[in-house]
Amino acid sequence: MNISKTYLPKEAEEKWYSYWLKHDFFKSVPDEREPYTIVIPPPNVTGVLHMGHMLNNTIQDVLIRRARMKGKNACWVPGTDHASIATEAKVVAMLKERGIGKKDLTRPEFLAYAWEWKEKYGGIILDQLKKLGASCDWDRTRFTMEDDLSEAVIDTFIHFYKKGLIYRGVRMVNWDPQGKTAVSDEEVIRKEVNQKLYYIKYNVVGEGSNTEFLTIATTRPETIMADAAICINPNDERYFHLHGKKVLIPLINREIPVILDEYVTMDFGTGCLKVTPAHDLNDYELGQKHNLPVIDILNDDGTLNEKAQILVGEDRFAARKKIAVLLEADGYLDKVEDYKSQIGFSERTDAVIEPKLSMQWFCKMDEMAKPALDYVLKGDIKLIPEKFTNTYRHWMENVKDWCISRQLWWGQQIPAWYLPNGQFVIAKTAEEALELANASTPGSGLTTLDLKQDEDVLDTWFSSWLWPISVFDGFKDPNNADINYYYPTNDLVTAPEILFFWVARMIMAGHEFRGEAPFKNVYLTGIVRDKLGRKMSKSLGNSPDPLELIEKFGADGVRVGMLLCSPAGNDLMFDESYCEQGRNFANKIWNAFKLIKGWEVDENLVNPNEVAIEWFDSRFNQALTEIESNFEQFRLSEALMATYKLVWDDFCAWYLEMIKPVYQHPIDRETYDKTIAFFENILKILHPFMPFITEELWHDELFGDRSELDCCIVAQLPKYGQINTRLLDDIEIVKQIITQVRNIRNAKQISPKEKLDLSVKANSEVAYNLYGLIITKLGNISTFGFTTDKLAQAAGFMVSTDEFYVPLEESIDPVAECEKLNKEKDYLTGFLKAVNSKLGNERFMANAKPEIIEVELKKKADAEAKLKILEENLAALAC
RNA sequence: GGGAGUUUAGCUCAGCUGGUUCAGAGCAUCUGCCUUACAAGCAGAGGGUCACUGGUUCGAACCCAGUAACUCCCA
């Protein structure tokens, strides 16, 4: 026999992953079994594997492997999304390195480069997931921009346009001046930033002299040229005299009115608010209300345009500094204060978001939100943990229309075609568009050359919300076997950050196109943070490289490590030490295997271990039910912990110690066979968490011959068996006895090798004769006997109400012994007093449930019995 | 500013309908062991005013109110 001293993961991982692939164990085709389906949250093609993916995909793999082992037809569909903004930024950067500007390219040329980039880098994450052991059906790998999925996106656009749910409109959008595109609210990251609050004086018109001013406070002095009004609160007594007046914008001397609105907070700044409808969302709404003109002074790249009159061509931030100087010089700057406020940054480019009015495509949400909310409120879809239902409801009840256009090329181009007269038609192809165009403008004789397709593409989420349907070709062929079989999927595992803009919209699309929710459970994972609670990020450099972790601790170790620290829905404070614990666990399993592997069987021996075997069998069945219940509630870390303790404590530390033969002695056939059967069952329940080591051991000859397809990955989980609770309880008592004996050794510094005697004065019904063998073996007891008398010259202890004695040669210290007994007596007396006062309380007796009272009575009886024995012992010691 | 959540051992977390000897687990710590499966280990032990203050109740980690700290979402 030549087994390494520790488990070496690397070899096993490579061997078994390719074995699984080769035998198509991940593959799923519809059949008569019950399906269990997960669609992966498609990582974007620009990404590399980070800790969030590790967590997310470990969970999915555990679920899918367990389903497979429960006899379901398990299908985990992988894929990626095209991430229009992020990918386009990467491609632009790549081109720049090659000395090519995006402006120098035609759209098809640019897209050719983008596809090249995608082919090269777009599969990295999926390949990395294989290292983790992800058992995805790789033949089903999809990409949101492949032909069929793109067609689904375009059809969806047309579908909703025809329904009147997609419209074109001018709206204030979050403009990313660097990416030169609109981004959604969800892609804006708000951060608290130190700014300056500029107090600027505006001349009041028509008071004869130039001496009267009003002062406004703003963080954006560069936008004063776009002001349309000054607004004050009508109740503000300080400014009654300004009602109906006009003021002049400093530097450019344009006249604007003073308007009245209770929107203005009197105690913020000066109580005078500059209203700049083109550059602030709230101002825009205020402007609409008061019919103010919209003056947009910014170009798409964030520089000032000619409407600003001054500082034309300057970047907004340069202009801010310069205008402060100009205002100061001309005496318009009253003062500058430090000020903190929230500023939006683009998630993709980190540019400061500019509120900007622009023509965009929108998708109406309120109509779709209603049924999508109901699925969750009625429980057809369960959010785990439940607390997210609140958040979900809040969002769905206050939903805003979805800006779906992006000023980019990488993505599905919006199927809108503009006629020379400015009208547009919505059509899938140029030809159809031409027909529609000619129909709408009879006799115009348009050709395809006269039509111009909208330059913009659709938001990536407009692809991914179709994901659970489109991966099964549910748009192209709505009645195909796959979609009918796999949809709705079962569980979705994703991050709470995208509950709204992905999960909610998938529910909407599912309802719209299939009339059914796309999944039943949504398991929301937390954010992986470092142990200091900081988000893992590239800039902080506090994120471990997942592949290095796998290298260091093995994939199984890392999977266990991730799950150990991941309560559902809560952020997890990741630390490498969890992976270390996972690795140690793998090693423990390995060594238990080594022990069993080393045994020789003697067919002539009778089985002395019936009790131990029956006990572990019960314990195993008990653990199975615990694990199942944890899984049902998606308490994966607890399911893992229950498994961990079963294996490490119950199996290794107790069971194996109970049955293990003396060194170099053989074992009986029955114990040997049973133990191997136990071990095989243990491998099964471990497999979803630790697929590699379990598969590796599964194939050892210890378990007999295996056919090529007899693999742990497709083994069926053990069935529930009998649980002998009486035996489980008894063994708990036996364990206490053994622990107490070990304690005596420790306290008296007696070597574990030295055998001791043990006598019991049994006052209870526990059948100690059954457990003599276990007690003598684990306690290293030479003789275990019964006595009816208390033994002097012995160390004593009590378990439950039974008394135990370990005779010792050296005399015991009566003072210490008395102290010990007295301490226990004091505790019990106090305890008994509390119980008695409960039982003596009329209101307790009247109100408490009968079973509670019964319990109290039992407590009383037990305590009294124990106290009696204690007192006898104290008397015997003459304390 | 509005809403939600969290606070239990040094760390990460359980604690289900208020009721067992209920204050728990894993890790970490400490003590003793290289006892031939495993030192990535074995045996044992010590750690907590359940954030704070009140209230309800026969009984509160759990229910209610207030306070504090932290986190997230929205403005």
Side-chain angles (χ1 to χ4, degrees), chain A residues 3 5-7 185-186 190 265 268 281-282 342 385 387-395 398 400 496-497 499-500 526-527 529 531 533 553-554 557 561 564-567 569-575 577-578 580-599 629-630 633 635 637-638 640-642 644-645 648-649 652-653 656-657 660 663-664 738-747 749 751-754 778 780 800 827-828 830-832 834-835 837-849 851-859 862-863 866:
Chain A
I3 309 173
K5 200 167 173 209
T6 56
Y7 168 59
D185 289 347
E186 292 81 4
R190 281 171 217 287
T265 316
F268 180 81
L281 181 57
N282 296 316
Q342 297 270 321
K387 67 178 180 185
F388 285 108
T389 306
N390 276 337
T391 330
Y392 181 79
R393 178 173 48 206
H394 184 259
W395 192 76
N398 297 282
K400 283 181 287 184
E497 298 110 274
L499 178 58
F500 309 131
I527 297 167
R529 297 173 179 277
K531 62 177 172 183
F553 300 108
L564 279 175
C565 60
S566 66
N570 284 332
D571 290 357
L572 53 104
M573 311 300 158
F574 179 80
D575 187 69
S577 66
Y578 290 108
E580 196 181 336
Q581 194 182 345
R583 179 201 59 180
N584 293 353
F585 185 40
N587 203 40
K588 186 72 189 177
I589 298 161
W590 184 256
N591 276 294
F593 170 79
K594 256 177 72 178
L595 173 69
I596 299 167
K597 176 90 175 161
W599 289 340
S629 136
N630 284 324
Q633 299 167 76
R635 299 175 164 208
S637 56
E638 284 180 62
L640 171 58
M641 189 45 71
Y644 179 94
K645 285 197 273 194
W648 198 309
D649 298 343
C652 294
L656 288 179
E657 293 299 330
K660 122 178 162 186
Y663 182 57
Q664 288 186 331
I738 293 162
T739 300
Q740 292 279 20
V741 172
R742 286 169 176 169
N743 263 332
I744 289 170
R745 284 182 197 280
N746 244 336
Q749 303 197 310
S751 155
K753 288 176 186 165
E754 194 180 325
L778 299 196
N780 198 20
S800 179
Y827 171 76
L828 273 174
F831 176 73
L832 187 60
V835 173
S837 82
K838 257 192 202 180
L839 289 169
N841 184 322
E842 277 173 38
R843 294 218 265 178
F844 172 77
M845 298 306 280
N847 291 324
K849 282 177 267 179
E851 56 268 32
I852 301 292
I853 293 174
E854 210 163 300
V855 165
E856 292 300 319
L857 286 169
K858 181 163 190 312
K859 283 202 254 176
D862 287 352
K866 255 186 137 167

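Numbers restart at 1 for each chain; the letters A, B, ... are given by sequence-line order, proteins then strands.
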Base, sugar-phosphate, or nothing for A:Thr739, non-hydrogen atoms under 4.0 angstrom?
sugar-phosphate
Any donor-acceptor pair, under 3.5 Å, between the side chain of A:Arg742 and the base of B:A43, if you only look at N and O atoms?
no
Measure CH2/A:Trp395 against C1'/B:G2 and give the value in whole Å, please.
19 Å
When only distance counts, do a donor and an acceptor, one from the side chain of A:Glu657 and one from the base of B:A37, lie under 3.5 Å apart?
yes
Syn/anti state of B:G47 by chi, 90° boundary around 0:
syn
Looking only at side-chain N and O atoms, does A:Lys753 come under 4.0 Å of OP1 or OP2 in B:U36?
no
Distance, rounded to the nearest Å, where A:Lys858 contributes NZ and B:G19 contributes P
19 Å
I'd like to know if A:Lys858 pairs up with A:Asp862 as an ion pair, taking the criterion as any Lys NZ or Arg NE/NH1/NH2 lying under 4.0 Å from an Asp or Glu carboxylate oxygen.
yes
Between atom CG in A:Asp575 and atom P in B:A28, what is the gap in whole Å?
11 Å
Under 4.0 Å, heavy atoms only, any strand: does A:Asn841 hit a base, just the sugar-phosphate, or nothing?
sugar-phosphate
Any A:Tyr644 side-chain nitrogen or oxygen under 4.0 Å from OP1 or OP2 of B:C27:
yes
As its Watson-Crick or G-U partner within any shown strand, both distances under 3.5 Å, B:G5 has B:C70
Just to confirm, is there a sub-4.0 Å distance from OP1 or OP2 of B:A37 to any side-chain nitrogen or oxygen of A:Lys660?
yes
Is the phosphate of B:A45 approached by A:Asn746 (side-chain N or O, under 4.0 Å from OP1 or OP2)?
no
Give a yes/no answer on whether the side chain of A:Trp648 brings an N or O atom under 4.0 Å of OP1 or OP2 in B:A25.
no
Verify the contact: side-chain N or O of A:Arg745 to OP1 or OP2 of B:A45, cut-off strictly under 4.0 Å; return yes or no.
no
Scan A:Phe593 against the nucleic acid and name what it touches under 4.0 Å (heavy atoms): base, sugar-phosphate only, or nothing.
nothing
Heavy atoms only, 4.0 Å cut-off, all strands: where does A:Asn390 land among base, sugar-phosphate and nothing?
sugar-phosphate
Which is true for A:Lys5 with a 4.0 Å heavy-atom rule: it touches a base, it touches only sugar-phosphate, or it touches nothing?
sugar-phosphate
Mind calculating the distance between NZ (A:Lys838) and P (B:C58) to the nearest angstrom?
14 Å
Nearest-nucleotide 5' precedence on RNA chain B, A:Gln581 against A:Asn591:
A:Gln581
Go through the N and O atoms of the side chain of A:Lys588 and the base of B:C38, and report whether any donor-acceptor pair is under 3.5 Å.
yes
A:Ile589/A:Trp648 under side-chain contact (heavy atoms from CB on, under 4.5 Å): CA gap, chis, key distance, verdict
CA-CA 8 Å; A:Ile589 298 161; A:Trp648 198 309; over 6 Å; no
